[in-house]
Structure formats: C-alpha cells, structure tokens
Amino acid sequence: MSDARKPFPFREFEPKWQARWETEKTFRTPGPGDAGFDPSKPKYYVLDMFPYPSGSGLHVGHPEGYTATDIIGRYKRMQGFNVLHPMGYDSFGLPAEQYAIKTGQHPALTTAANIENFRRQLKALGFAYDWDREIATTDPQYVRWTQWIFLQLYNSYYCDQANQARPVTELEAKGWSRAQIDDVRLAYVAEAAVNWSPDLGTVLANEEVEEWRSKGHTVERRPLRQWMLRITKYSQRLIDELDSLQWPEGIKLLQKNWIGRSEGASVRFQISNFKSQIEVFTTRPDTLFGATYMVLAPEHPYVMSITTAEQQDSVVSYQLACASKSDMDRGDLNKDKSGVFTGAFAVNPVNHKPIPIWIADYVMMGYGTGAIMAVPAHDERDFEFAKRFGLPIVEVVSSHTGGTSTLLEAFCEPGIAINSGFLDGLPTAEAKAEMINWLESNSIGRRRVQYKLRDWLFSRQRYWGEPFPIVWKDGHHQAIPAAELPLLAPPLEDYKPSGTPEPLLSKAREWVELPDGSVRETNTMPQWAGSCWYYLRYCDPHNTERFISKAAEAYWSDDKPGMIDLYVGGTEHAVLHLLYARFWHKVLFDLGHVRTPEPFQRLVNQGLILGEDGQKMSKSRGNVVNPDDVVSEYGADALRLYEMFMGPLEQVKPWQMKGVEGVSRFLARVWRVVFEQDQTGTWQVSGKIKDVACTDTELRRVVHETIRKVGDDIEKLSFNTAISQMMICTNAFTQAEVVPLAEFIQFLTVLNPFAPHLSEEIHEGVAAVFNRQASLLSESTWPVYDPAALVRNEVELIIQVNGKLRERLMIAKDADEAAATAAALASAKVKDHTDSKTIRKIVYIQGKLLNIVAS
RNA sequence: GGCGGCUUGGCGGAAUUGGUAGACGCGCUCGACUCAAAAUCGAGUUCUAACGAGUGUGGGUUCGAGUCCCACAGCCGCUACCA
C-alpha cells in the first residue's frame with residue numbers, strides 16, 4: 001500500500017514524535033542528585049523483564065508486556081508520579097558464544113549489533129523509556145558491580161541465630177580458621193554431580209538440559225568442582241515472605257513447591273558389623289515399625305565400604321549404569337524400579353530387626369540424606385520395589401482397626417497405627433509426634449524440616465559470562481581487591497570447547513597465570529547473575545562509586561516490602577530468575593545495602609501470544625509474526641493497541657492479523673473525527689470541531705464515562721476493556737454534529753498512553769487551528785471526570801416474571817418499589833405471564849431490575 | 001502421577017457484591033456512495049419459522065447462577081520417583 005492510501009499518515013508522524021521525545025528527553029526520569037529532581041513527587045517504579053538480545057530481534061511477545069507497562073508508566077506520569085520505566089539488555093548468554101564458535105567473531109561484536117537492532121525496534125514502538133538509563137549486563141561498568149555483589153556473597157556467611165547473612169570478618173574476629181570460614185561462605189566451592197555437555201563445553205542447569213539435548217547436544221553427568229551459592233539458607237524466608245507480595249497465587253505456589261518444604265524426622269539406623277550409622281529423612285516417622293529395608297542412592301558415600309564381596313560386582317556395575325544417566329533419564333524410567341542388594345544389613349531401631357540395605361536409583365543423592373528407610377506398606381515406590389524384589393511388606397497403618405490380610409497397593413493416607421508397639425491405636429498425626437518424642441529421647445533421631453531446594457550451581461565453563469573475581473593461591477581461593485573490578489575476560493582466538501570440563505578461559509594462559517604464582521579462577525557466572533540485580537542499577541546507572549547510591553536506593557524504595565511497584569514478564573521465569581533475584585536481594589538486605597526485603601512488590605505475567613493457527617509461534621511452523629512488518633504496514637500505535645485489545649494481559653491468546661486491521665480502523669476513525677482530506681488529498685482540520693461548551697449531555701456523559709472507565713481499567717491492567725470504551729467514545733464523536741474541543745482533548749489525553757503518536761499528532765493539529773499552546777500531550781495531566789456528568793435520570797428497568805425477562809421499562813432512577821411494581825403490572829407483556837397466577841413475591845433492585853415471583 | 005490455568009456466538013473476547021448473557025472488535029449479510037471496485041458511512045448478525053432454548057457435562061443452593069457448592073469431562077502449561 002502506498003503512503004497516500006494509508007488511512008492516516010503514521011509513517012510521517014510516528015518517527016517525527018519519536019525524534020522529538022528523544023531530543024527533548026521527554027521521558028527523562030530525574031533521580032536524587034539529578035537536575036530537575038523533585039523529592040516531593042511520589043515515585044512509581046514499573047519494570048519489564050529485560051530481553052536477551054538474540055539475533056532474530058524482537059518478537060510480538062515482547063511488545064505485549066512492554067506496551068502494558070508503557071501505558072501504566074505514561075498514565076502514572078500524567079497523574080503526577082515520578083515514573084521510573086527503564087529498559088536494558090540481558091546480553092550475556094550461550095547463543096552469542098555459539099555464534100562466535102561458528103564465525104570466530106568476538107561475542108561482544110554480535111552482542112553489540114543485536115543490541116543495536118533491539119534498540120531500533122524498541123524506539124520504533126514509541127516506548128516512554130528514559131534512554132539515559134539503558135543498561136547491558138555485558139557492559140564492563142555493569143560487570144564490575146555484578147562481580148562486586150558476588151564478592152558480597154563470597155564475604156558473607158549465614159548466621160542461623162540472627163537468621164540473616166553477616167560478613168565473614170565477624171568470624172575472623174572470633175578466631176575461625178580459613179578452612180572453617182570457607183565452609184560457611186554464601187559463595188563456596190564444592191564437588192557436585194553436574195550436567196556436563198562436552199560439545200557445548202559447559203555444565204548446564206537441570207532445567208537447561210532438555211533444551212540443548214533436543215538441539216542435538218550430548219549431556220552427561222559427572223562430578224566437578226563448582227562454585228555454589230548457599231540459597232538453601234534462605235529457604236524459609238523465601239517461602240514466608242511471599243505472603244507480603246502481590247503476585248499471582250499460581251506463581252507463589254510454584255515457588256513454594258519448588259522450595260518444597262516438608263516436615264518429618266531424621267532417623268539413624270545402625271549398620272550391622274560397622275561403626276557407622278545411616279541417617280535418613282522421613283515424613284512418616286509413624287511408620288518406622290514397618291521399615292523392612294533401606295535404600296541408598298547409588299552415589300552414597302557408604303556404598304563401597306558396606307558392600308559385601310559377593311555383591312561387589314553387581315553393585316559396581318549398577319553404579320556405573322546409573323552414573324551415565326542424568327536425573328532426567330532416571331525420571332523417564334519412572335515406574336520401572338531397579339536396584340541391587342549390597343549384602344549389608346542395618347538394624348531397625350524400634351524393633352531391633354535386621355533389614356537389608358539396597359541401592360537403587362529411585363533414591364536421589366541430592367535430596368535429604370541420600371538414603372531412605374523403605375516402608376513398602378505405606379509408600380507407593382517402596383511397595384513397587386518390594387514387590388519386584390520380594391522384600392517383606394509389613395502393614396503398620398490401617399484405615400480401620402485390625403488391618404487387612406493382604407495389601408494390594410500401598411496405603412498412604414493417614415489412619416490408625418497397628419503392629420507398632422507403643423504407637424498402636426494412635427491416629428497418624430499423633431503417632432508421628434509420639435515417635436519423634438521417642439526418637440529424640442533415645443537420641444536416635446530428631447524432628448527435622450527438609451527442603452527440596454538445593455544450593456545454586458553458579459559456575460559455567462563458557463566464555464561469554466562474568467569471570468569470577470577470584471584467584472587461587474596455594475590451593476586456596478581468595479577475592480581480588482574490589483578496586484581491580486571489573487575483571488574482564490581476555491579475548492580468545494577460538495571459542496571452541498575443548499571437549500574437557502576445563503573452562504574456556506583456561507586457554508588464556510597469560511591472563512590466568514599471575515606473576516606471584518597465583519592463578520585466576522577460570523569459571524564464569526551464569527546468565528542469571530546479571531538479571532539478579534539489574535533493577536537496582538536502573539535507579540543509578542552511571543554511578544562509579546557504588547552499585548547504587550544510598551540516596552537513589554532510598555528514593556526508589558518505599559514502605560512496601562518490595563521495591564518495584566509493578567513487574568511484568570513471562571511465566572517461564574516463575575522459579576528461576578524470580579527466585580534467584582529474591583535471594584540476591586535478601587542478601588543485600590541483610591548486609592544493609594537495600595532497605596526492602598523483597599525486589600518485586602507486584603508481579604503480573606503476560607500470557608503467551610500464539611500464532612494464527614493457535615499453535616506456539618515457531619520458525620518451523622512458519623507462524624511467526626514479525627513486529628517490524630506490523631509496524632511498517634499498520635504503524636506502531638496499531639501494534640500497541642492491537643496487542644492490548646487481543647484479550648486480558650495474562651491470558652494465552654492467538655494472533656489475528658484481521659484484528660490489527662480492526663484497531664487500525666479505529667485509529668483511523670479517531671483521526672477522521674478531526675481531519676478530512678481536501679481536493680489535493682491533504683488532511684485539514686474539520687469544521688466539526690469547535691471550541692464551544694458541550695451541550696450534548698449524552699456525548700458529555702460518554703466522554704466522562706470514558707475518562708472514568710479507562711482510568712479504572714488501567715489500574716486493573718484491563719486494557720482490552722479500556723480500548724473498547726474508547727471505541728464507544730469515538731463512535732459517539734463520529735456521530736456528533738459538533739465535536740466540542742475541550743471534551744475531545746480530554747479524550748485524546750486518555751488515548752495518549754495507548755496510542756501516543758497519533759494522539760500527539762492530532763493534538764498538535766488541533767492546537768494549531770485554535771491557537772492553543774502546543775505543549776506535548778504526553779506531558780499533560782490525566783483528566784478528572786465529573787461524576788455529575790455520569791448521572792442518568794431515567795434508567796431502563798428490567799422486568800422479570802419468575803426470573804425470566806418479560807419487559808423493559810424506562811423509569812425514574814430512584815423510583816421506589818411500589819412505583820416500579822405498579823409500572824410493571826401495567827405492562828401487557830407482564831400481564832400475559834401473571835394473569836392466571838398469584839403473585840407470591842416481588843424482588844426489586846433499584847435502578848436495575850424487578851422480579852415478580854408468581855405461581 | 002502431582003500442581004496450576006482454561007472451557008461463553010462463525011472467531012478474539014465483555015459481563016461490580018449472584019441481577020438485561022454476548023459490550024467492543026473481527027467475519028458475514030443488506031443498504032448508501034461509485035460506471036465499477038476499494039475505502040468509507042449506515043443497518044443487521046447466539047440458535048430457533050415460532051413456542052422457546054442457551055455460557056464444556058450432570059446435579060445442587062437461590063426469587064434469580066457464566067458467576068456460589070458438589071461430581072465429571074476436555075484442552076493448555078509447568079513439574080516429575082523429593083522419601
């Protein structure tokens with residue numbers, strides 16, 4: 001379509017307004033210390049999850065959340081808030097490095113090019129960001145503070161008494177040894193079984209394994225020395241403090257389940273003929289009398305020492321078989337239980353019976369103690385295993401007293417204890433408590449709370465990430481001085497993985513080996529590191545003294561537990577980014593660097609946008625919609641408006657190009673309320689618009705209803721209904737003989753956050769004709785609606801007979817029941833349905849409905 | 001298997017505390033304008049000839065249920081032997 005055929009000239013005015021906002025810095029947000037900062041203004045911090053700048057550019061999912069936050073930000077700004085609405089790039093990541101492997105080009109170059117493309121696309125959508133606050137996690141000045149925060153973790157331990165992180169210098173003062181301190185740091189080194197991919201040349205998080213495997217990479221399990229972050233110390237706080245946040249309940253639940261708190265007991269079992277004991281965790285201490293065997297994880301450290309000579313071969317080969325499988329594979333085998341007897345026995349502490357010790361891969365080394373007591377009668381997995389290997393099944397809980405002769409399946413519900421000595425007759429809850437008392441008084445076990453959450457495996461062997469600010473000397477790690485930050489990775493000649501778990505950085509010998517004989521840590525941080533604190537940096541992005549100034553941190557926080565007023569992003573980050581960022585924030589809180597205990601007060605997840613075929617957008621399906629195409633065909637305002645009109649923000653919804661045409665048509669109607677084309681095809685301000693008082697009360701009512709509803713709907717993030725109200729308002733203007741200037745500008749103001757370019761352009765055109773001052777619409781204040789304008793004197797009253805609609809009557813708004821009833825009964829339609837009946841009851845809702853119950 | 005979400009016309013979706021089901025938009029039909037078309041404007045559009053029926057299915061509470069309660073089904077997402 002040529003520009004002349006466009007329903008309104010967005011190709012001319014959209015770039016024009018974008019340029020003006022940029023040169024005038026319209027959306028600059030002054031913070032403490034900045035020129036024009038007004039500390040008396042209330043703050044509003046609205047944040048998007050920043051994008052990973054991939055080579056393929058923005059997809060239509062990005063502008064969904066970004067437009068929502070943009071509308072909120074512009075709305076709050078019009079209401080007098082000092083709005084912080086920033087954007088940046090999560091620019092470390094494996095794809096840039098994969099591209100470097102293919103082309104030999106330094107990842108910094110591709111990243112810079114990708115960022116430039118993203119920035120161009122974002123600017124073309126007219127978002128009201130303060131571009132002076134733009135950040136990229138790969139920027140050396142950003143890396144500097146990411147590393148600095150890592151050192152805060154490294155130099156802290158978790159004080160269980162105070163229930164908070166404290167500097168390790170406290171421990172030094174108490175005379176703790178270096179080794180003792182290294183054991184309690186929040187960032188520590190440990191040997192861990194990890195997912196190692198030889199061809200990617202890095203370890204992967206559990207949740208990344210499937211993705212890369214499906215792309216044809218191999219992933220195996222092997223133990224490696226890794227950096228870990230002690231997030232588990234925060235398990236309880238991460239659960240409890242969710243309560244203070246306005247997050248979707250589903251996301252809270254997801255995090256709670258991920259942290260996975262369970263209550264029970266630890267119990268120690270004596271190994272026959274050995275000094276050692278095996279400790280297990282159980283949520284069912286009440287079933288201890290029914291524990292007929294034990295199972296150790298194949299990697300359990302005791303396995304080799306307790307295995308008998310006869311069982312040696314089968315145990316070793318089973319261990320080898322398990323070692324090659326990831327946790328995923330173990331899961332795939334699911335119900336098909338496997339395992340091997342070690343030949344050793346333990347003693348059940350309550351009845352002193354010997355019970356065999358097996359190893360099986362249904363027990364995980366990473367959870368609890370890596371060992372279980374098996375109670376086949378009351379646990380599905382144990383039951384299945386016992387059936388398979390012919391192990392004894394002893395029933396100790398019954399749904400009724402007496403028990404059954406043969407169990408067909410495990411009975412896992414609470415019941416009454418049987419065959420359990422001193423517990424007999426007790427209901428499960430009491431039996432648990434009684435058993436824990438017994439275990440504690442006999443020093444065999446104790447009450448225990450267990451979490452599924454594991455410490456965060458924080459190191460990667462890749463190149464394109466933050467290097468650890470750590471050097472090794474004489475076998476010990478130590479922090480490099482903060483003054484030496486940022487520590488940047490050296491350029492490499494090739495980024496190909498070596499096939500060994502040796503980090504890529506170790507190839508840069510000159511960088512690694514220091515003159516004093518110490519060597520640099522060669523692992524790098526995961527991509528999550530940068531996204532754990534970026535929201536803090538936005539508040540003070542150019543500070544060279546601190547990661548955020550005290551003043552900026554104070555100003556952008558308030559009394560609420562979470563710093564950010566509204567955070568919008570996809571559900572895919574429910575348990576990773578959102579958990580990691582909370583963890584880092586709490587560490588910074590404990591150390592006194594931030595004043596709120598939580599980062600994100602209110603969280604909203606935007607729903608996925610599907611392709612026109614109702615399937616997830618993907619290149620292979622060919623159903624991907626490119627925002628650039630939509631902008632060039634319909635304009636940025638149409639794209640923004642369509643994405644908001646599709647349906648509720650949080651809902652999954654399919655793309656419909658016809659829908660884009662629909663909102664484009666709406667924008668054209670708004671345009672034509674004011675402009676009409678003359679003979680030459682030039683748009684001229686229409687004579688319909690007049691600077692007169694509005695005498696059309698219905699038109700005025702619609703305008704004020706629109707001001708009211710759009711404001712309410714923005715607060716509720718119900719953008720689709722706000723737009724529908726603006727469509728109604730536009731239709732009213734279109735049909736009006738005269739368009740009163742003041743009312744129309746109120747409407748334009750309300751439209752501005754949604755369609756900023758079009759509304760500015762129309763506003764400018766109208767202002768020129770009426771000699772009004774041509775200030776930016778984006779800088780005007782949100783209109784106030786007049787409640788009196790909304791009032792209607794007569795309303796349509798719905799008349800029902802026995803709940804069925806029979807008549808509609810115009811009646812005074814405040815008519816009483818007698819008047820309404822009389823009017824209703826006078827209606828012929830009502831008479832038809834009541835004549836042969838007796839009226840039993842009248843239900844009257846003033847101004848709404850009258851229901852006649854008759855039989 | 002577990003957890004969570006969803007289910008309303010041909011389509012996307014709207015419906016305070018239970019109170020006119022289908023706002024608004026798409027599509028479609030008809031009309032106006034036009035030599036004609038596109039664009040635009042106007043009218044109509046849940047089903048049914050009508051009585052009536054109707055918010056995934058079956059029950060319940062209520063004067064009244066898309067909305068509340070119970071049971072079930074289907075789709076989508078996440079998670080996966082967590083002791």
Side-chain angles (χ1 to χ4, degrees), chain A residues 5 7 207 248-254 256-258 260-262 264 280-284 287 295 297 327-328 330-337 360-364 366-375 378-382 384-385 450-454 571-572 574-575 605 607-608 610 612 614 616 642 645-648 650-663 665-666 668-669 672 712 718 720-728 730-731 734-735 796-808 840-845 847-855:
Chain A
R5 302 279 311 267
E207 46 280 348
E249 286 306 314
I251 300 293
K252 287 188 183 180
L253 203 62
L254 227 48
K256 283 183 190 171
N257 291 342
W258 185 266
R261 180 192 157 102
S262 43
V280 303
F281 170 73
T282 176
T283 54
R284 293 296 301 273
T287 62
V295 185
D327 279 354
M328 295 290 174
R330 287 194 183 186
D332 290 344
L333 292 176
N334 232 326
K335 300 296 166 197
D336 215 10
K337 293 278 180 296
D361 68 358
Y362 82 92
V363 175
M364 306 288 153
Y367 181 73
T369 60
I372 62 159
M373 64 176 218
V375 185
H378 306 290
D379 181 283
E380 278 176 41
R381 293 151 301 172
D382 298 344
E384 214 179 306
F385 193 82
Q450 181 68 42
Y451 301 91
K452 274 200 282 187
L453 186 67
R454 304 181 196 180
T571 345
E572 66 272 19
V575 283
N605 292 118
L608 199 65
L610 305 173
E612 297 232 29
K616 211 167 179 169
Y642 172 64
F645 188 58
M646 289 175 85
E650 305 192 46
Q651 193 170 299
V652 178
K653 41 209 178 289
W655 186 272
Q656 292 187 327
M657 211 46 103
K658 283 284 186 190
V660 185
E661 285 177 31
V663 293
R665 222 170 290 172
F666 158 65
R669 281 167 72 89
R672 286 195 311 266
D712 286 0
S718 180
N720 54 333
T721 53
I723 293 167
S724 116
Q725 181 62 37
M726 290 190 283
M727 288 172 168
I728 291 170
T730 302
N731 292 343
T734 301
Q735 281 160 6
E796 190 181 67
L797 187 72
I798 299 307
I799 312 298
Q800 295 181 332
V801 177
N802 291 333
K804 285 188 181 139
L805 176 72
R806 296 302 179 192
E807 179 67 294
R808 300 155 193 269
R840 305 281 175 198
K841 189 174 176 182
I842 303 279
V843 179
Y844 180 53
I845 310 294
K848 281 239 165 183
L849 164 148
L850 182 97
N851 188 14
I852 300 165
V853 185
S855 60

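Scope of the values below: all heavy atoms of this structure, side chains included, with no hydrogens, waters or symmetry mates. Here is the naming used below: chain letters follow the sequence lines, and residue numbers restart at 1 for every chain.
Distance OH/Tyr367(A) to CD/Gln450(A): 4.5 Å, rounded to 0.5 Å. Atoms OH and NZ, from Tyr642(A) and Lys658(A) in turn, are 12.5 Å apart once rounded to the nearest 0.5 Å. Atom CE of Met373(A) sits about 4.0 Å away from atom OG1 of Thr282(A), to the nearest 0.5 Å. Interatomic distance, Ile799(A) CD1 to Tyr844(A) OH, rounded to the nearest 0.5 Å: 8.5 Å. With rounding to the nearest 0.5 Å, the separation of CD in Glu612(A) from CD in Gln656(A) is 6.5 Å. Of the inter-residue distances, the one linking Glu807(A) atom CD with Ile852(A) atom CD1 reads 10.0 Å to the nearest 0.5 angstrom.
Note on Thr571(A): nothing from the nucleic acid sits closer than 4.0 angstrom, heavy atoms only. Using a 4.0 Å heavy-atom criterion, one finds that Glu650(A) contacts no nucleic acid atom at all. Within the nucleic acid shown, Arg669(A) comes within 4.0 Å of sugar-phosphate atoms alone, with no base atom in reach, counting heavy atoms only. Note on Gly368(A): nothing from the nucleic acid sits closer than 4.0 angstrom, heavy atoms only. Nucleic acid contact for Asn731(A): sugar-phosphate only, since backbone atoms but no base atoms lie under 4.0 Å from a heavy atom of the residue.
rC78(B) and rU29(B): their C1' atoms are spaced 45 Å apart (whole Å). Comparing rC26(B) with rG44(B), their P atoms are spaced 15 Å from each other, to the whole Å. The separation of rG31(B) from rG58(B), taken at their C1' atoms, amounts to 47 Å, rounded to a whole angstrom. Taking atom P on both nucleotides, rG56(B) is separated from rU7(B) by 8 Å, rounded to a whole Å. Nucleotides rG27(B) and rU20(B) are separated by 30 Å at their P atoms, to the nearest Å. rG10(B) and rA23(B) have their P atoms separated by 14 Å, given to the nearest Å. Across rC41(B) and rC33(B), the matching C1' atoms stand 8 Å from one another, rounded to whole Å. The same atom, P, is picked in rU17(B) and in rG66(B); the two are 15 Å apart, to the nearest Å.
Annotation: side chain of Ile798(A) is in contact with side chain of Arg808(A) (closest heavy-atom distance under 4.5 Å). By the 4.5 Å heavy-atom criterion applied to side chains, Val853(A) and Ile842(A) are not counted as neighbours. Put simply, the side chain of Thr734(A) does not reach to within 4.5 Å of the side chain of Arg672(A), judged on heavy atoms.
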Write down the protein N/O and nucleotide N/O pairs, taken from nucleotides 52-56 of chain B, whose separation is under 3.5 Å; answer none if there are no such pairs.
none

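Atom pair Met373(A):CE and rA83(B):P shows a separation of 12 Å (rounding to whole Å applied). Between the CG atom of Asn257(A) and the C1' atom of rC3(B) there is a distance of 6 Å, rounded to whole Å. Following rounding to the nearest Å, Tyr362(A) (OH) and rC81(B) (P) show an atom-to-atom distance of 13 Å. Protein atom CD of Glu612(A) is 12 Å distant from nucleotide atom P of rG27(B), rounded to whole Å. rA83(B) atom P lies 13 Å from atom OH of Tyr451(A), rounded to whole Å. Between the CD1 atom of Ile372(A) and the P atom of rC81(B) there is a distance of 13 Å, given to the nearest Å. Computed from coordinates, the Ile251(A) CD1 to rG77(B) P distance equals 16 Å when rounded to whole Å. Distance Arg261(A) CZ to rA83(B) P: 13 Å, rounded to the nearest Å.
A close approach under 4.0 Å does occur between a side-chain nitrogen or oxygen of Arg665(A) and OP1 or OP2 of rC26(B). Under 4.0 angstrom from either OP1 or OP2 of rC82(B) there lies no side-chain N or O belonging to Thr283(A).
Heavy-atom distances to RNA chain B give each of Lys658(A) and Tyr367(A) a nearest nucleotide, and the one nearer the 5′ end belongs to Lys658(A). Position along RNA chain B of the nearest nucleotide to Ala668(A) versus Gly662(A) favours Gly662(A) as the more 5'-ward residue.
Shortest non-hydrogen contact noted between Phe281(A) and Ser262(A) is CZ-O, 3.8 Å. Pairing each heavy atom of Ile251(A) with each of Ala574(A), the nearest pair is CD1-CB, 3.8 Å. Between Phe385(A) and Ala360(A) the shortest heavy-atom distance is CE1-CB, 3.7 Å.
The glycosidic torsion of rG44(B) lies more than 90° away from 0, placing the base in the anti range.
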Fill in the blank from the handout: Its contact letters, B for base, S for sugar-phosphate only and - for none at protein heavy atoms under 4.0 Å, make nucleotides 8-22 of chain B read ---SBSSS---BB--
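Taking 4.0 Å as the cut-off between side-chain N and carboxylate O, Glu384(A) and Arg381(A) do not count as a salt-bridged pair.
Remark: RNA chain B takes part in the stems B:1-7 with B:73-79, B:10-12 with B:24-26, B:27-32 with B:40-45, B:56-60 with B:68-72, each of 3 or more antiparallel Watson-Crick or G-U pairs, criterion distances under 3.5 Å.
Of the listed nucleotides (rG4(B), rC24(B), rA83(B)), rC24(B) has the atom at the smallest distance from the side chain of Ser724(A).
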Problem - Candidate pair Ile372(A) and Asp382(A), rule side chain to side chain contact (heavy atoms under 4.5 Å, CB included), full reasoning - result: CA-CA 10 Å; Ile372(A) 62 159; Asp382(A) 298 344; 3.6 Å; yes
